[in-house]
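Taking it in order: structure first as C-alpha cells, then the write-up.
In the text below, chain A, chain B and the rest are named by the order of the sequence lines, each starting its count at 1.
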Amino acid sequence: MLDPKYVREHVETVEAGLRSRGVTLALQEFLAADLARRRLLSEVEQLKHRRNTASEEVGQRKRQGRDAGELIAEMRELGDRIKKLDEEVRGCDEHIEAFLMGLPNLPHPSVPVGGDSTANVEMRRRGEPRRFDFPARPHWEIGEALGLLDFERAARMSQARFVVLTGAGARLERALINFMLDLHTREHGYTEVFPPLLVNAAAMTGTGQLPKFAEELFKTKDESLYMIPTAEVPVTNLHREEILPPGTLPLSYVAFTPCFRREAGSHGKDTRGLIRQHQFNKVELVKLTQADRSYEALEQMTRDAEAVLQRLGLPYRVVVLCTGDLGFAAAKTYDIEVWLPSQSASPKESGTHADAVGARGIGGYREISSISNCEAFQARRADIRYRPAPTAPVEYVHTLNGSGVAVGRAWLAILENYQEADGSVRIPEALRPYMDGQERIGKP
RNA sequence: GGAGGGGUGGCCGAGUGGUUGAAGGCGUCCCGCUUGAAACGGGAUGACCGCAAGGUCCGUGGGUUCGAAUCCUACCCCCUCCGCCA
C-alpha cells in the first residue's frame, strides 16, 4: 500500500508513477473521499470531546448526589449523532482502503520507463553459452529418455502442469535444494526457515497477492486458507504486526518450499516441460531492512542469487525490469535469466539474445530468479515496523524478496546445458557432493 | 471430536460501569551517587490520526448505556485434560 499522506501531498508524482506502470487513473476519487473523511473526522472528534467532558461531569454530579438528568438527556441526542458520523467515517475509510489496496507500488527513479519486457535493460552477462556439436534436445526429451520425469502419469493422478520426478531426477531436485540452502546459510548469512504452506487471507493481503490476484491462488474450501504461491508470503509475514527493537535489522531469511499457482491466463503458454507448473519448488530469499539500506540489500541479494548459477556453471544474464514489467508490490526488480538451448527467441525477448546460437534452435535466456525491493509497500500492509534507535519513533521496514533460485528451472537448465551427445547428463561439480559423488546421469 | 480455562502496554500482571491510556513489577532511556561498574535514588518511557486543540485503541465485530477494559452477544485465537493421530 502507498502511504496515504504521501499520495495526498504528491498527487502528480503518484499519477505519473502509476502511468509509467500502465495504470491510468485519476486520484480524484481518492482525494474526494480523503477530504470528506477528514471533514467528518474533525466534526465527530469535537462531538466526542464534548461527550467526554460531559461524561466526566455526570460522574462528578452523581458522586455528589446532584441531579444529572438534564445533561444525560442532552447526551443521548449527541450519542446518536456521533454514532451516525462514525458510520460515515467508517464508510470513507473502507472506500479509501479498498482504493489504495488496489494500487501497485511506485517505481524507483532508477527503473527504466517502458511498457513491456522489451524495454527491460540488460545489466550484465556471465558465462558463455555452450556451442553444441550435436543437436541439443529440450529437457523433457532428455528427462523422459533417462527416466527422470513423467508428465503422463502425473496428469493421470493429478492434472496437466504437474510432474513426477523419479530416481536420479528426484534426487537431483533434492540435491539442488540442499545445495542452495547450504550456500545461502553458510556463505551468505541467511537464516533457514520452514514456514506453513497454507496461509490466511491477511498474510496474502500483506504481501500483495490479495485482494487483486485471487484467481492466481489455490484456496482450500472449508478453511479459508490459501496455498502459498511463493515462500515470500509466509516469510515476509513472519514479523507482521511487530515493532522490531533497535539492532534487529537487517533480517535475512532463506526458505525452501513448494509453491502453488493456478496459472490462470497462461493457457497455451509453456505447455511442454517443466517451465510452468502448478506446483514447483523454490528456494526463496527474504530480507527486512532499514528504510535507508534497502537498495544496497537489493544489490547484495542479487549477487547472492547469481552465486547459485555461477557455482552451477550456468550462463545467465541480469536484467532490470522496466516500469511496465514490474510486479504489483515491487519498486525495483532484477531478473536473472538462465541460458537455455531449447528456448527459441520469442519476439518479446529478441534482439538481446539472438547471438546465443546453439546447434539446434537459437537458444535464449529465461527467467530463473526475480529479486525485488518492495520498500515499505508490504510493510505497510503487513504492519511491520522497527525502532531505529532506543528513543526514536517507529518506521516501516523495507522488505525484499528474491528467488535463490527456482529449483525446477535450475533442474531443467542443468539437463539442457549439461547434456551429452549420448543422451546422458553431466552433473556440475558443485552438486556432486549432494549426489554421492555421482558425475553423470546415464541410462538406467 | 468431548470438557474446562483464558486473551489488558516491549514482557509479566492488577482492574469496583464514571480523571484507568490503564495500578504494580520487569525491561529500556536519561540524570544523580561512584575512579568505573554493580547496587541504590530520582525522572522518563505505547501505537495510530492531527499543525494543534483534541480524538481513537484493553483479541475482532455487533449490542446495552448519558458513559464500557469492566455488562450482553457472535466470531477468532491460545492454553489444560480426555479421545484420536503422523
Side-chain angles (χ1 to χ4, degrees), chain A residues 1-10 30-31 33-101 194-206 210 219-220 222-226 234 237-249 251 258 288 291 376 379-397:
Chain A
M1 189 167 82
L2 302 179
D3 179 0
K5 203 189 292 180
Y6 182 87
V7 176
R8 184 193 305 146
E9 288 162 8
H10 303 83
F30 164 81
L31 292 173
D34 183 59
L35 189 64
R37 190 191 84 100
R38 283 185 295 151
R39 287 218 176 110
L40 287 167
L41 206 56
S42 84
E43 187 182 350
V44 74
E45 284 184 358
Q46 274 175 38
L47 298 184
K48 281 180 178 174
H49 180 52
R50 236 170 73 207
R51 182 178 69 183
N52 286 348
T53 51
S55 288
E56 207 170 306
E57 170 81 17
V58 170
Q60 240 167 51
R61 286 200 197 177
K62 288 217 162 168
R63 251 176 280 121
Q64 296 165 353
R66 287 156 58 204
D67 176 58
E70 192 185 318
L71 199 53
I72 288 174
E74 189 197 325
M75 284 306 110
R76 193 166 300 172
E77 221 170 289
L78 188 70
D80 289 343
R81 178 98 183 109
I82 288 175
K83 192 176 283 184
K84 202 174 141 254
L85 286 173
D86 266 342
E87 268 166 36
E88 285 182 45
V89 170
R90 196 156 36 109
C92 286
D93 279 343
E94 281 167 13
H95 189 193
I96 290 168
E97 163 118 337
F99 180 79
L100 287 177
M101 285 304 238
F194 191 81
L197 306 182
L198 275 72
V199 302
N200 58 34
M204 287 292 186
T205 307
L210 292 180
K219 183 175 189 245
T220 61
D222 298 319
E223 327 291 329
S224 42
L225 292 173
Y226 297 83
N237 277 284
L238 201 53
H239 295 286
R240 66 174 296 118
E241 287 157 54
E242 286 186 35
I243 297 176
L244 301 164
T248 318
L249 298 176
L251 288 167
L288 308 188
R380 227 172 264 121
R381 292 171 160 243
D383 195 19
I384 311 170
R385 294 171 292 174
Y386 72 104
R387 202 177 290 283
T391 56
V394 295
E395 283 182 47
Y396 286 109
V397 303

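Rounded to a whole angstrom, the distance from the C1' atom of B:C33 to that of B:A39 is 11 Å. Nucleotides B:G21 and B:G55 are separated by 11 Å at their P atoms, to the nearest Å. Comparing B:G41 with B:G7, their P atoms sit 32 Å apart, to the nearest whole Å. Comparing B:C11 with B:G27, their P atoms are spaced 16 Å from each other, to the whole Å. Comparing the P positions of B:G46 and B:C29 gives an interatomic distance of 15 Å, to the nearest angstrom. When the C1' atom is used for both B:G9 and B:U28, the distance is 14 Å, rounded to whole Å. Going from the P atom of B:C48 to that of B:G4 covers 41 Å, rounded to whole Å. Nucleotides B:G24 and B:A68 have their P atoms positioned 25 Å apart, rounded to a whole Å.
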Next on the checklist: At under 4.0 Å between heavy atoms, how does the protein contact nucleotides 8-19 of chain B? Give one character per nucleotide, 5' to 3', with B, S or -.
Outcome noted: ----------B-

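Atom CG of A:Asn200 is separated from atom P of B:G59 by 20 Å (rounded to the nearest Å). Rounded to a whole Å, the CZ atom of A:Arg381 is 19 Å from the C1' atom of B:C48. If you measure from atom CG of A:Asp80 to atom P of B:G67, you get 9 Å, rounded to the nearest angstrom. The CG atom of A:Leu40 sits 15 Å away from the C1' atom of B:G50 (whole-angstrom rounding). Nucleotide B:C48 holds its C1' atom 16 Å from the CZ atom of A:Arg38, rounded to whole Å. Atom-to-atom, CZ of A:Arg387 to C1' of B:C48 comes out at 13 Å; the value is rounded to the nearest Å. Following rounding to the nearest Å, A:Leu225 (CG) and B:C76 (P) show an atom-to-atom distance of 13 Å. One can place CG of A:Asp86 at 9 Å from P of B:U56, the figure rounded to the nearest angstrom.
In this structure, CZ on A:Phe99 lies 8.5 Å from CG on A:Leu31, to the nearest 0.5 angstrom.
Residue pairs meeting the side-chain hydrogen bond (donor to acceptor under 3.5 Å, both in side chains) criterion with at least one partner in residues 34-43 of chain A, sequence neighbours excluded, are A:Arg8-A:Asp34, A:Asp34-A:Arg38, A:Arg37-A:Asp93, A:Glu43-A:Arg81. Note on residues 49-60 of chain A: pairs passing side-chain hydrogen bond (donor to acceptor under 3.5 Å, both in side chains), not counting sequence neighbours, are A:Glu57-A:Arg61.
Residues A:Ile384 and A:Leu288 have side chains in contact (heavy-atom distance under 4.5 Å, counting atoms from C-beta outward).
Residue-level contact check: A:Arg8 touches the backbone only, with heavy atoms under 4.0 Å from sugar-phosphate atoms and none from bases. Across all strands, A:Arg385 comes closer than 4.0 Å only to sugar-phosphate atoms, never to a base (heavy-atom distances). Nucleic acid contact class of A:Arg61 (heavy atoms, under 4.0 Å, all strands): none.
Within 6.0 Å of CD on A:Glu77 lie no more than 12 heavy atoms contributed by other residues, nucleotides or ligands. Residue A:Lys219 places its NZ atom among more than 12 non-hydrogen atoms of other residues, nucleotides or ligands, all under 6.0 Å distant.
Residues passing the side chain to side chain donor-acceptor pair (under 3.5 Å) test with A:Arg385, sequence neighbours excluded: A:Asp383. When the ring pair (Phe, Tyr, Trp, His ring centres under 6.0 Å) test is applied to A:His95, no partner is found at least two apart in sequence or on another chain. Considering only residues two or more places apart in sequence or on other chains, A:Asp86 meets the side chain to side chain donor-acceptor pair (under 3.5 Å) condition with A:Lys48. Taking A:Phe194 as the reference, nothing meets the ring pair (Phe, Tyr, Trp, His ring centres under 6.0 Å) condition, with sequence neighbours excluded. Here A:Arg240 pairs with nothing under the salt bridge (charged side-chain N to carboxylate O under 4.0 Å, His left out) rule; sequence neighbours left out.
Closest approach to the A:Val394 side chain among B:U56, B:A47, B:U64 is made by B:A47 (side chain taken as heavy atoms from C-beta onward). The side chain of A:Leu41 has B:C49 as its nearest neighbour among B:C66, B:G62, B:C49.
The residue among A:Met75 and A:Ser42 whose nearest nucleotide of RNA chain B lies closer to the 5′ end is A:Ser42. Between A:Leu71 and A:Glu87, the residue whose closest nucleotide on RNA chain B is further toward the 5' end is A:Glu87.
Using Watson-Crick or G-U wobble geometry with both donor-acceptor distances under 3.5 Å, B:A86 finds no partner in any strand shown. Summarising the base pairing, B:G4 is matched to B:C79 through a Watson-Crick or G-U wobble pair whose two defining distances lie under 3.5 Å. The pairing partner recorded for B:A44 is B:U28, the criterion being a Watson-Crick or G-U wobble arrangement whose two distances lie under 3.5 angstrom. Nucleotide B:A39: unpaired (no Watson-Crick or G-U wobble partner with both distances less than 3.5 Å). Of the nucleotides present, B:G18 is the one that pairs with B:C66 by Watson-Crick or G-U wobble criteria, both distances under 3.5 Å.
Formation of a donor-acceptor pair under 3.5 Å by the A:Tyr386 side chain with backbone atoms of A:Ala291 is found in this model.
Heavy-atom distances under 4.0 Å link RNA chain B to A:Glu45, A:Lys48, A:His49, A:Arg51 of residues 43-51 of chain A, given in residue order.
Dashed line: the shortest gap from a side-chain N or O of A:Asn52 to OP1 or OP2 of B:G54 is not under 4.0 Å.
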